[in-house]
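Just below is one structure, and these are the notes that go with it.
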Amino acid sequence: MKKILLTLVAVAASLSMNAQITTPAPSPASKLEQKVGLTDVTVEYSRPSKKGREIFGNLVPFNTLWRTGANKNTTISFSDDVVISGAKVKAGTYAVFTKPGKENWEVLFYSNTENWGAPKTWDESLVVAKATVKVYALPMAVESFTITIDDLTNNGASLGILWDKTMVNVPFTVPTDVKASKSIETVMNGPSANDYYAAASYYYEADKDLKQAQEWIAKAVSMNDKAFWMSRKQSLIYAKQGDNKNAIAAAKRSLAAAKEAGNANYIKMNKDSLTEWGIEVE
């Protein structure tokens, strides 16, 4: 019996020694994934909190290199080459460092991401892009350090950095037009109705060659005249060129096909457009 008790005590002691306490991290990790045009952008960072402290100019000194967050380096990854402040940045992952100032920040993209905080020795040759951006005062304090990707367009976005009552934005551009145009050219060797439709839609939205868009959408419609969404796009392309006669004809075809398919959204959109173009519809 004594041996059994001693064994149980030993097992309990061993379990106690191996036990680990789990508590919340003071600066929890965060991962932001965003599609910008056709480019994947990923930001990984840690989020310290204000906790009543004065942040910039105090906890984070002005004009001093900052890791831009907490813990491991804040990083940003691009699936394609991008342009930041006039500098071409190759696809890959970069550490984001900043030098906060009262009126402007310097934001630096650094090719070595394996530092914990700022590098012990700064290597200027590893800076792939540098942007000087204006400081914007926020009307209320942001408690947790926050990075965003906002101002999204087909061709770019802004990397936002917010904490306390301070915000800065770093614009960057992505190669959407190059990728989309290359894709269109490749597919046009043997395109389907959907391919012609996608190409025409892109040219329409991007304000590119509308005559080319018109040619492609006409081919799409000829290959699938029951596709009310294609005839709808055709009407919009004609209208954008000021050709109301053909726009009205295409809208009427789309409306008839939408009614046959029972699609209420396209019925309404076509009726609204026809009314706008001076055609009375029931």
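As the structure is a computational prediction, the values presented were derived from the model and not from experiment. Only this structure's heavy atoms are used, side chains among them; waters, hydrogens and symmetry mates stay out.
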| Can you list the residues that meet the salt bridge (Lys or Arg N to Asp or Glu O under 4.0 Å) rule with Glu143, with sequence neighbours excluded? | none
| request: Write out all pairs satisfying ring-ring contact (aromatic ring centres under 6.0 Å, His included) with one or both partners inside residues 254-282, taking only residues at least two apart or from two chains. | output: Phe228-Tyr266
| message | Please enumerate all residues that pass side-chain contact (heavy atoms from CB on, under 4.5 Å) together with Asn194, with sequence neighbours excluded. | response | Ser192, Met230
| field | Where at least one partner belongs to residues 58-67, residue pairs that pass side chain to side chain donor-acceptor pair (under 3.5 Å), sequence neighbours excluded | value | none
| query | Backbone N or O of Asn270 within a donor-acceptor pair of the Ser273 side chain at under 3.5 Å? | reply | no
| task | Kindly state each residue pair satisfying salt bridge (charged side-chain N to carboxylate O under 4.0 Å, His left out) with at least one member in residues 235-251, sequence neighbours excluded. | result | Asp207-Lys240
| query | Can you name the residues that form a side-chain contact (heavy atoms from CB on, under 4.5 Å) with Ala206, not counting sequence neighbours? | reply | Tyr202, Lys208
| field | Residue list, side-chain contact (heavy atoms from CB on, under 4.5 Å) with Lys268, at least two apart or on another chain | value | Asp272
| task | Would you mind listing every side chain to side chain donor-acceptor pair (under 3.5 Å) that reaches into residues 145-159, with sequence neighbours excluded? | result | Arg47-Thr146, Thr148-Asp150, Asp151-Ser158
| remark: So side chain to side chain donor-acceptor pair (under 3.5 Å) across residues 211-221, not counting sequence neighbours, yields Gln214-Gln241
| Is a side-chain donor or acceptor of Ser201 paired with a backbone partner of Tyr197 at a separation under 3.5 angstrom? | yes
Side-chain donor-acceptor distances from residues 26-40 under 3.5 Å, at least two apart:
unit_1: Lys35; atom_1: NZ; unit_2: Asp40; atom_2: OD1; d: 2.8
unit_1: Thr39; atom_1: OG1; unit_2: Asp80; atom_2: OD2; d: 2.8

| field | side-chain contact (heavy atoms from CB on, under 4.5 Å) involving Ser231 - partner list, sequence neighbours excluded | value | Val221, Arg253, Ser254
| task | Report, as yes or no, whether the 6.0 Å neighbourhood of atom NZ on Lys88 holds more than 12 heavy atoms from other residues, nucleotides or ligands. | result | no
| field | Pair listing, ring-ring contact (aromatic ring centres under 6.0 Å, His included) test, anchored in residues 119-142, at least two apart | value | Phe97-Trp122, Tyr110-Trp122
